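Just below is one structure, and these are the notes that go with it.
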Amino acid sequence: MRCSFLSLVALVLVACSNNGELQTNDVLEQSLKIERTFSWSGIGFSGELTLKPDATATLRVSGHGVDEGRWRLQDDTICTTWEKAAQGKTKCAKIYRQLDGSYHIIASSTGVKIGVMRLKVDQE
């Protein structure tokens with residue numbers, strides 16, 4: 001019995017470490033009541049993302065400049081619309097917090113990991 005319990009715990013820990021903890025609308029709403037800035041990397045780019053409580057956002061892409069946009073929460077996803085990025089189309093993603101404190105960004109439409117974010121140290 002004890003061996004089965006330990007195996008179950010190990011299996012759960014492995015599952016959590018692989019997928020992380022989904023950041024639901026409730027969690028994201030609480031977190032984004034204040035301005036948050038994240039470093040991020042993914043799909044061949046890296047930079048900085050700032051999300052403000054008034055649902056505006058700023059995206060700084062290394063070597064490509066700055067873009068302004070808006071964000072909203074919908075069905076446990078965060079959706080962003082940028083002036084330049086993604087040709088101005090709204091894109092939604094699920095956010096999963098990892099054990100190391102990073103966040104994996106998973107495209108809602110495809111389920112593919114599109115990036116990794118980390119909250120800037122001075123805000124934690």
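Predicted, not measured: the structure shown is a model, and the values here were computed from it.
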Yes or no on side-chain contact (heavy atoms from CB on, under 4.5 Å) for Ile78 and Ile95, after CA distance, side-chain angles and deciding distance?
-> CA-CA 8 Å; Ile78 188 165; Ile95 308 288; 3.9 Å; yes

Could you pull out all residues at least two apart from Glu29 that satisfy side-chain hydrogen bond (donor to acceptor under 3.5 Å, both in side chains)?
-> none

Among all residues two or more places apart in sequence or in another chain, which pass the side-chain hydrogen bond (donor to acceptor under 3.5 Å, both in side chains) test with Thr24?
-> none

Measure the CZ-NZ distance between Phe38 and Lys120 for me, rounded to the nearest 0.5 Å.
->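 One gets 11.5 Å once the value is rounded to the nearest 0.5 Å.
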
To the nearest 0.5 angstrom, please state how far the CD atom of Glu48 sits from the OG atom of Ser41.
->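 Glu48 atom CD to Ser41 atom OG measures 13.0 Å (nearest 0.5 Å).
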
Given the rule that I, L, V, M, F, W and Y join up when any side-chain heavy atoms are under 4.5 Å apart, are [X] and [Y] in one cluster?
X	Y	value
Leu49	Ile43	yes
Phe45	Trp71	yes
Val116	Val61	no
Leu119	Ile105	yes
Leu51	Ile114	yes

If you define the side chain from C-beta out and look only at heavy atoms, does anything of [X] sit under 4.5 Å from [Y]?
X	Y	answer
Met117	Ser102	no
Leu59	Trp40	yes
Tyr96	Tyr103	no
Thr80	Arg70	no
Ile34	Leu32	no
Cys79	Arg72	yes

Is a side-chain donor-acceptor pair under 3.5 Å present for Asp75 with Thr77?
-> no

Does any donor atom in the side chain of Thr50 or Thr37 lie under 3.5 Å from an acceptor atom in the other side chain?
->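 Yes - a donor-acceptor pair under 3.5 Å links their side chains.
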
Are the side chain of [X] and the backbone N or O of [Y] linked by a donor-acceptor pair below 3.5 Å?
X	Y	answer
Asn25	Leu73	no
Gln23	Glu21	yes
Thr58	Glu68	no
Ser108	Cys92	yes
Trp82	Ala57	no
Lys33	Leu28	no

Hey, is Arg60 close enough to Asp67 for a salt bridge, meaning N to O under 4.0 Å?
-> no

side-chain contact (heavy atoms from CB on, under 4.5 Å) with Lys89: which residues, sequence neighbours excluded?
-> Gln87, Lys91

Given the rule in the side-chain hydrogen bond (donor to acceptor under 3.5 Å, both in side chains) test, do Thr56 and Asp54 qualify, once you have shown the distances and angles that lead to the verdict?
-> CA-CA 6 Å; Thr56 61; Asp54 66 358; 2.5 Å; yes

